[in-house]
Amino acid sequence: MATPSSPPGPGVRPTLKHVRPFVKNRAEFLLNLWKEYGDIARFRLGLYDIYFVNRPEWVREVLMNHDEFQKTPAMQFLRIVLGKGLLLSQGEFHHRQRRLMQPAFHGKRIALYCDTMAVIARTHAEGWHDGAEVDIHDKMIALTLEIVAKFSVTAEAELEENLF
């Protein structure tokens, strides 16, 4: 039986040469990676092999099949900062966390969030003017954080209401 080959990429030896371009402009780095190597590629980022996957069905497979795609040691390190939540958990603990979170992401619940997210987005965009340059990365982080904060408070209130 043949061993599957590794995806193509710009280098497999341990190197730091990809760190600067990756950190400086991640979107440009990944776009260039896709243009040169296609929908799946591998590159080194320090000591770690990073696999870039750019097809919706493959991304879904990676995100949904937690038993076959294990978190890297770098991801494990993030637990110090982010805790042991859904993003970084694995195995049975991940499945249990996911089941607890699933009702909040039901289609009907998401529809209820849309109006609130649109109001928050409109408020953020009011400060933008035609022809002005904005750092979209910073603006989207601020927007996302406000939305997450809004729904975290809402979810906490609902949880307390249902528990007590």
Side-chain angles (χ1 to χ4, degrees), residues 7 19 21-35 38-43 45 48 50-164:
V19 173
F22 183 79
V23 170
K24 183 178 177 189
N25 191 334
R26 191 169 300 133
E28 181 181 15
F29 179 87
L30 295 175
L31 180 62
N32 290 334
L33 194 69
W34 172 72
K35 285 178 180 177
D39 289 331
I40 186 167
R42 181 179 110 181
F43 64 98
L45 203 56
Y48 300 102
I50 306 296
Y51 292 86
F52 169 72
V53 179
N54 193 39
R55 292 195 62 183
E57 63 272 21
W58 296 348
V59 171
R60 185 182 195 305
E61 180 70 20
V62 170
L63 292 175
M64 299 300 290
N65 195 344
H66 288 277
D67 296 332
E68 289 190 33
F69 296 97
Q70 299 298 309
K71 307 291 191 243
T72 66
M75 292 290 283
Q76 302 296 340
F77 175 76
L78 287 175
R79 284 187 179 166
I80 296 168
V81 176
L82 300 177
K84 194 176 177 185
L86 189 60
L87 175 65
L88 300 175
S89 63
Q90 300 183 120
E92 184 52 40
F93 183 78
H94 174 84
H95 292 294
R96 190 169 61 246
Q97 293 285 91
R98 189 164 170 244
R99 279 193 299 273
L100 288 170
M101 294 293 295
Q102 208 160 10
F105 295 97
H106 186 274
K108 291 178 183 175
R109 297 286 293 208
I110 295 293
L112 295 173
Y113 304 153
C114 289
D115 290 339
T116 303
M117 290 189 287
V119 167
I120 294 170
R122 247 183 254 112
T123 303
H124 276 254
E126 283 173 359
W128 302 2
H129 305 288
D130 285 347
E133 286 189 25
V134 296
D135 183 336
I136 198 69
H137 180 263
D138 288 348
K139 299 291 184 185
M140 290 298 106
I141 287 176
L143 174 64
T144 302
L145 289 175
E146 186 172 339
I147 290 170
V148 167
K150 170 69 177 169
F151 291 117
S152 294
V153 170
T154 303
E156 187 175 338
E158 288 179 16
L159 185 59
E160 285 180 10
E161 186 178 297
N162 291 331
L163 289 177
F164 302 108

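Atom set for the values below is all heavy atoms of this structure, side chains included, hydrogens, waters and symmetry mates excluded. Bear in mind the structure is a predicted one, so any value in this text is a computation, not a measurement.
- Classification of E92 and R99 as a salt-bridged pair holds, one side-chain N sitting under 4.0 Å from a carboxylate O.
- The 12-atom threshold is exceeded at CH2 of W128, counting heavy atoms of other residues, nucleotides or ligands nearer than 6.0 Å.
- With rounding to the nearest 0.5 Å, the separation of CD1 in I141 from CD in E146 is 14.5 Å.
- Nearest heavy-atom pair, A41 versus L33, reported as atom, atom and distance to 0.1 Å: CB-CG, 3.9 Å.
- Contact record, V59 with V53: CG2-O, 3.6 Å, taken as the closest heavy-atom pair.
- Aromatic ring orientation, F22 versus F43: tilted (interplanar angle from 30° to 60°).
- With a 4.5 Å cut-off on side-chain heavy atoms, I40 and F52 do not count as touching.
- Taking CG from D115 and CD1 from I120, the interatomic distance works out to 11.0 Å, rounded to the nearest 0.5 Å.
- How far NE2 of H137 is from CG of N25: 10.0 Å, rounded to the nearest 0.5 Å.
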